[in-house]
Structures are given as structure tokens and as C-alpha cells.
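Reviewing the structure listed below.
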Number of protein chains: 2
Amino acid sequence: MAEHKRRKPGETRDKLMGAALELVGKGRHFASLGIREVTRQAGVVPTSFYRHFRNMDDLGLQLVDELGLVLRRMMREARANVLQAERLMEESVAIFISHVQQNRSFFLFMAQGLAGESRAVQEGIRSELRFFASELGNDLRRLRLAEHLSDSDLELTCDLVVRTVAFSLTDLIGVSPDDDYQIEQVRKRTTRFLQLIFVGAAHWKVSGQPGSAR
Amino acid sequence: MAEHKRRKPGETRDKLMGAALELVGKGRHFASLGIREVTRQAGVVPTSFYRHFRNMDDLGLQLVDELGLVLRRMMREARANVLQAERLMEESVAIFISHVQQNRSFFLFMAQGLAGESRAVQEGIRSELRFFASELGNDLRRLRLAEHLSDSDLELTCDLVVRTVAFSLTDLIGVSPDDDYQIEQVRKRTTRFLQLIFVGAAHWKVSGQPGSAR
DNA sequence: CCTCGATGTGTACAGTTGTTCACTTGATGT
DNA sequence: ACATCAAGTGAACAACTGTACACATCGAGG
């Protein structure tokens with residue numbers, strides 16, 4: 001049941017995915033990358049690409065899978081560190097920002113992919129976000145922080161939270177990775193967004209506003 | 001003070017910008033478009049491109065300017081049609097969705113540009129969004145709908161509203177332009193997001209939550 | 001009327017692209 | 001021990017790319 005490839009299994013495959021991420025990290029858009037460009041960056045001959053991927057979209061899809069792992073790691077860390085309910089949002093946003101700095105290219109790729117040109121990658125990323133939102137909902141239920149909300153209203157709230165955090169990526173894109181002041185500004189602002197949303201959720205009436213229901 | 005160009009002034013220029021938009025509308029990403037591709041789509045010889053644009057980024061910047069016009073038209077229509085405060089959000093979102101359908105490519109371009117590869121285009125679009133949020137703030141003040149909010153809290157709220165609406169573009173991307181049912185779902189959901197945010201704003205306490213202030 | 005400058009065209013070229021093909025290599029299962 | 005087969009290499013090709021240059025056309029201002 002051991003791995004069956006030569007040398008290091010998937011070594012070149014990882015180099016190729018890493019190379020694509022590096023280029024994205026340098027400001028390039030994933031949609032504008034070419035096979036030769038990626039293989040060049042990876043220090044590999046162009047033909048090797050086809051041993052692992054059918055085309056660039058395929059590589060993108062596999063990157064989405066790895067992105068899923070990154071997101072799950074982040075979720076685990078958040079669950080471990082957010083103990084007190086009051087500072088929940090501050091700490092969660094802080095953890096998010098920190099992970100974005102550690103895996104900048106991955107999150108850039110995610111921000112790009114939401115409006116990217118591969119339908120499959122779009123759907124993959126959206127699906128990751130949905131999963132994230134649903135896990136967030138579970139956590140809030142478990143922490144007894146959303147007892148007055150119906151399932152669908154909780155789902156609505158969590159979706160909005162995830163969107164808001166995801167959108168803050170576009171703020172981070174325009175900021176140098178070591179401009180700590182600006183990053184701190186984004187962190188504060190995102191936190192306040194979430195607080196605003198949770199105040200809304202706390203005062204939310206059952207499924208819809210008066211006058212707008214059906 | 002008349003226009004001074006030959007034939008129709010800027011005829012080819014418009015054809016080129018239109019061609020780029022068409023390609024974006026067909027699912028391509030702006031960052032992956034090339035000069036030759038655009039000129040081909042426009043039915044123009046490649047060299048003509050340089051008469052009007054330095055490179056693709058330049059064309060992108062000029063598209064952002066036109067995008068500004070589209071957004072302003074939309075704002076004007078919203079201001080004219082939203083008379084009663086209760087249905088304000090429903091109608092505004094409806095107008096937004098309708099404009100997205102009319103100018104699909106423009107809004108696709110906008111969604112792409114937020115995480116695009118030209119820093120200048122990113123900043124241009126972000127600036128349009130900021131302007132939009134500030135105008136929204138003015139309107140809410142004028143309609144006496146935000147009297148209990150400080151200037152900075154109103155600004156926060158409007159920013160969040162604009163972000164939420166902008167993010168809904170990524171939902172619309174994954175939906176065929178004539179799948180009325182799905183579009184209606186996005187419209188409803190976006191409306192509820194905004195309602196949630198406004199409930200939050202209505203119950204918002206002065207600058208910060210208790211326990212999280214400094 | 002005639003020059004000038006802006007707009008559009010045709011040709012050309014060197015560099016890059018995606019993809020194919022025949023080949024080497026080395027670990028693995030039997 | 002040896003055949004097998006996934007992983008990696010190098011050379012090749014036709015298609016396409018961005019950009020440059022010389023030229024044609026036409027409107028406007030003198």
C-alpha cells in the first residue's frame with residue numbers, strides 16, 4: 001500500500017502547483033498563466049506538465065483541493081483558540097488575517113478564482129465557502145450563541161459573515177504584505193463588520209422583515 | 001469646441017473596448033486577453049490598438065472609467081425609483097440586478113478587476129465602490145434613515161452594504177443570464193443580507209461593542 | 001488649396017506558446 | 001533477475017503573440 005512513484009512521489013507535481021502559486025503571489029493572475037511559464041518557474045521541462053495535469057484548469061482544480069486543506073487548518077486553529085464568546089469575532093478575524101499572511105498566495109488564488117475564468121474552479125471555491133459557512137453555523141449552535149435564530153436565518157447570517165471576510169481579501173490584495181499598519185486597519189474594520197452583522201442577527205425577527213414577507 | 005477626430009470620433013476605440021467586454025461576457029478573464037485577440041474580435045487590424053491604448057492595462061483603466069458611468073446611471077435610477085423607505089432595500093437590489101443583466105459584461109469586468117492583475121484597475125474599481133458607498137451614505141442621511149448613527153458608523157454600514165451587493169456578483173457569475181429562477185434567488189438572498197445589516201445598524205451602539213472597546 | 005496631424009492598414013519579424021513524439025531512467029512486483 | 005510502467009527529458013512544429021515601420025486616407029485650420 002506504499003506510494004508507487006519514482007524518487008519523491010509527486011515531487012514535480014508539487015513543484016508545479018507551487019510555481020503557479022508563486023506567480024500568483026507575485027501579482028500575476030492565474031488565468032493569465034501559461035503552461036510553459038509555470039514549468040519554467042518550477043525548473044522543469046514543459047513536457048512534464050502533462051504527466052500530472054491535463055491543462056491549467058486541471059491544475060487550478062487541484063489547487064482548490066489544497067486550498068480546502070488550508071481552510072480546514074485555519075478552522076481548527078480558530079476552534080482551539082476562541083474560548084470566550086465576547087472576543088470571538090476579534091480573535092477569529094485575527095486568526096484569519098494571520099493565515100492570509102502565512103499563505104498569501106493561496107488566498108490570492110482564492111480571491112481570483114471567485115471571478116476566474118474556469119467555471120469548475122469557481123464552483124469549487126464557492127463550495128469551500130459554503131462548507132465553511134455551514135461549519136461556522138454548527139459552531140455557533142454548539143456555543144449556544146444563536147439560540148433565537150431559525151436554521152435558515154442562522155445559515156443566512158453565517159453566509160454573510162463568510163462573504164464579508166472573503167471580501168476583505170480584496171482589501172489585503174492592495175496592501176503590501178508587511179505594511180502592518182494597513183493590515184491592522186483591515187483587521188479592525190472587518191471585525192466591526194462582523195459585529196454589525198451579529199448585532200443584526202441578535203435583533204433579527206423570524207424569517208423576514210415586517211412588510212416584506214411574501 | 002467640436003470633436004476633432006476623423007469619421008466617427010473614437011469609433012475604433014469604442015469597438016476595441018466593446019470587443020474586450022464581449023470576450024469577458026463570453027466567460028474569458030480580462031487578464032488573459034491579448035491585444036491580437038481583442039483587435040480580432042473588434043474586426044480591426046492589430047496595429048490600430050496602439051492608436052488608442054498603450055497596452056491592455058490601459059484599456060482596462062478606460063473601461064473602469066466607463067464603468068463609473070454605468071454605476072452613476074444605476075444610482076440615478078435608484079434615487080428616482082426608491083420613494084418609500086420600507087421597500088428601499090428590495091427595490092434597490094432589484095434595480096441593481098436589472099442593471100447587471102443589462103450590462104452583464106461590465107459587471108463581470110468589475111468583479112474580475114477587484115482581484116485582477118493590474119494594480120491600477122484594482123484601485124480604480126475600489127475607488128468607484130468607495131464613491132458609491134459615500135453617495136449611499138448621503139442618501140440615507142437625506143432620507144433621515146440613519147439619524148442615530150455617527151458619521152463613521154454610517155460610513156461603516158454603507159461600506160458593508162456595497163461590499164455585500166458587490167459580492168453577490170460572484171453568485172450571478174455562476175448563473176446563466178436567463179435562468180430567471182436562480183437570479184430571483186440571488187435577489188431575495190441579497191435583499192435579506194441588506195435587511196440583516198440594517199437591523200444591525202438600527203441597534204448599533206456608539207462606536208464599538210461593550211467589552212471590545214479599546 | 002495645401003499642409004498637417006490624427007486615424008487606419010499591410011507587411012514583417014523575432015520570440016513564445018501548446019502539444020506531440022520518441023527516448024531514457026529507475027523503482028517495483030513477481 | 002527481469003519485464004513493466006510511471007515519471008522525466010529533449011527536439012521539433014505550426015500557430016500565435018506583441019510590436020515596429022512605412023504607407024494610405026481624410027478632416028480641419030491656415
Side-chain angles (χ1 to χ4, degrees), chain A residues 1-24 26-63 65-66 116-121, chain B residues 1-24 26-63 65-66 116-121:
Chain A
M1 205 36 113
E3 292 299 327
H4 53 293
K5 296 172 204 144
R6 191 181 144 239
R7 285 300 295 266
K8 305 259 185 70
E11 190 185 11
T12 304
R13 197 190 86 111
D14 292 350
K15 268 200 281 191
L16 286 170
M17 291 204 277
L21 278 185
E22 282 176 53
L23 290 168
V24 166
K26 284 191 209 282
R28 300 290 313 277
H29 195 292
F30 183 79
S32 77
L33 299 182
I35 290 179
R36 281 191 117 102
E37 197 178 3
V38 172
T39 56
R40 198 183 313 129
Q41 172 82 20
V44 170
V45 86
T47 334
S48 283
F49 185 90
Y50 297 97
R51 299 284 179 202
H52 305 278
F53 312 101
R54 233 188 311 266
N55 48 43
M56 280 302 275
D57 278 5
D58 189 18
L59 191 153
L61 274 181
Q62 306 207 30
L63 275 181
D65 289 345
E66 272 209 31
E117 78 178 352
S118 158
R119 195 60 69 96
V121 169
Chain B
M1 204 42 111
E3 294 298 327
H4 54 293
K5 296 170 203 146
R6 190 183 144 236
R7 283 297 293 264
K8 305 257 185 71
E11 190 184 11
T12 304
R13 197 190 86 113
D14 292 350
K15 268 200 280 191
L16 287 171
M17 291 203 275
L21 278 185
E22 280 176 53
L23 290 169
V24 167
K26 284 192 208 284
R28 301 290 313 280
H29 195 291
F30 184 80
S32 76
L33 299 182
I35 290 179
R36 281 190 115 101
E37 197 179 3
V38 172
T39 56
R40 197 183 314 128
Q41 172 82 20
V44 170
V45 87
T47 334
S48 283
F49 185 90
Y50 297 98
R51 300 285 179 198
H52 305 279
F53 312 101
R54 233 186 313 262
N55 48 42
M56 281 302 275
D57 278 5
D58 189 18
L59 190 152
L61 274 180
Q62 307 207 29
L63 274 181
D65 289 345
E66 272 209 32
E117 78 179 349
S118 156
R119 195 58 70 94
V121 168

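So you know, we letter chains A, B, ... as the sequences are listed, proteins then strands, and number each from 1. Computed from a predicted structure; not experimentally measured.
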Checklist line | Separation of C:dG8 C1' from B:E11 CD (nearest whole Å) | finding: 11 Å
Next item on the list: To the nearest Å, give me how far apart CG (B:D58) and C1' (D:dG18) are.
Entry: 16 Å
Item checked: 5' precedence on DNA chain D between B:R51 and B:N55 (nearest-nucleotide basis) -> B:N55
Notebook entry, point to check: Rounded to whole angstroms, how far apart are CZ on B:F53 and P on C:dG8?
Noted result: 10 Å
Margin query: Looking at B:T47 and C:dG8, is any side-chain donor or acceptor paired with a base atom of the opposite kind under 3.5 Å?
Written below: no
Notebook entry, point to check: How many angstroms lie between atom CG of A:D57 and atom CD of A:E117, to the nearest 0.5 angstrom?
Noted result: 7.0 Å
Margin query: Any non-hydrogen side-chain atom of B:V45 less than 4.5 Å from a side-chain atom of B:T39?
Written below: no
Notebook entry, point to check: What integer distance in Å separates B:D57:CG from D:dG18:P?
Noted result: 13 Å
Item checked: Distance test, side-chain N/O of B:R40 to OP1/OP2 of D:dT17, below 4.0 Å -> yes
Check: Taking all non-hydrogen atoms of both residues, which atom of B:V38 and which atom of B:A20 are closest, and how far apart?
Finding: CG1-N, 4.2 Å
Notebook entry, point to check: CZ of A:R54 versus C1' of C:dT19: gap in Å, rounded?
Noted result: 15 Å
Margin query: Rounded to whole Å, how long is the line connecting atom CD of A:E37 with atom P of C:dG15?
Written below: 18 Å
Next item on the list: Grab the CZ-P distance between B:R36 and C:dG10 for me, whole Å please.
Entry: 13 Å
Next item on the list: For the side chain of B:T12, starting at C-beta, report the closest nucleotide among C:dT17, C:dG8, C:dT19.
Entry: C:dG8
Next item on the list: Report yes if a side-chain nitrogen or oxygen of A:H52 is closer than 4.0 Å to either non-bridging phosphate oxygen (OP1 or OP2) of D:dG8; otherwise report no.
Entry: yes
Checklist line | Length of the line joining A:R13:CZ and D:dG8:C1', which is rounded to integer Å | finding: 16 Å
Notebook entry, point to check: Hey, does the side chain of B:S48 come within less than 4.0 Å of C:dT9's phosphate (OP1/OP2), counting only N and O?
Noted result: yes
Next item on the list: Side-chain contact test, heavy atoms from C-beta onward, threshold under 4.5 Å: evaluate it for A:F53 versus A:M17 and give yes or no.
Entry: yes
Margin query: Can you give me the closest heavy-atom contact between A:S32 and A:R28, atom names plus distance?
Written below: OG-NH2, 2.9 Å
Next item on the list: Could you tell me whether the phosphate oxygens of D:dT19, OP1 or OP2, come under 4.0 Å of any side-chain nitrogen or oxygen in B:Y50?
Entry: yes
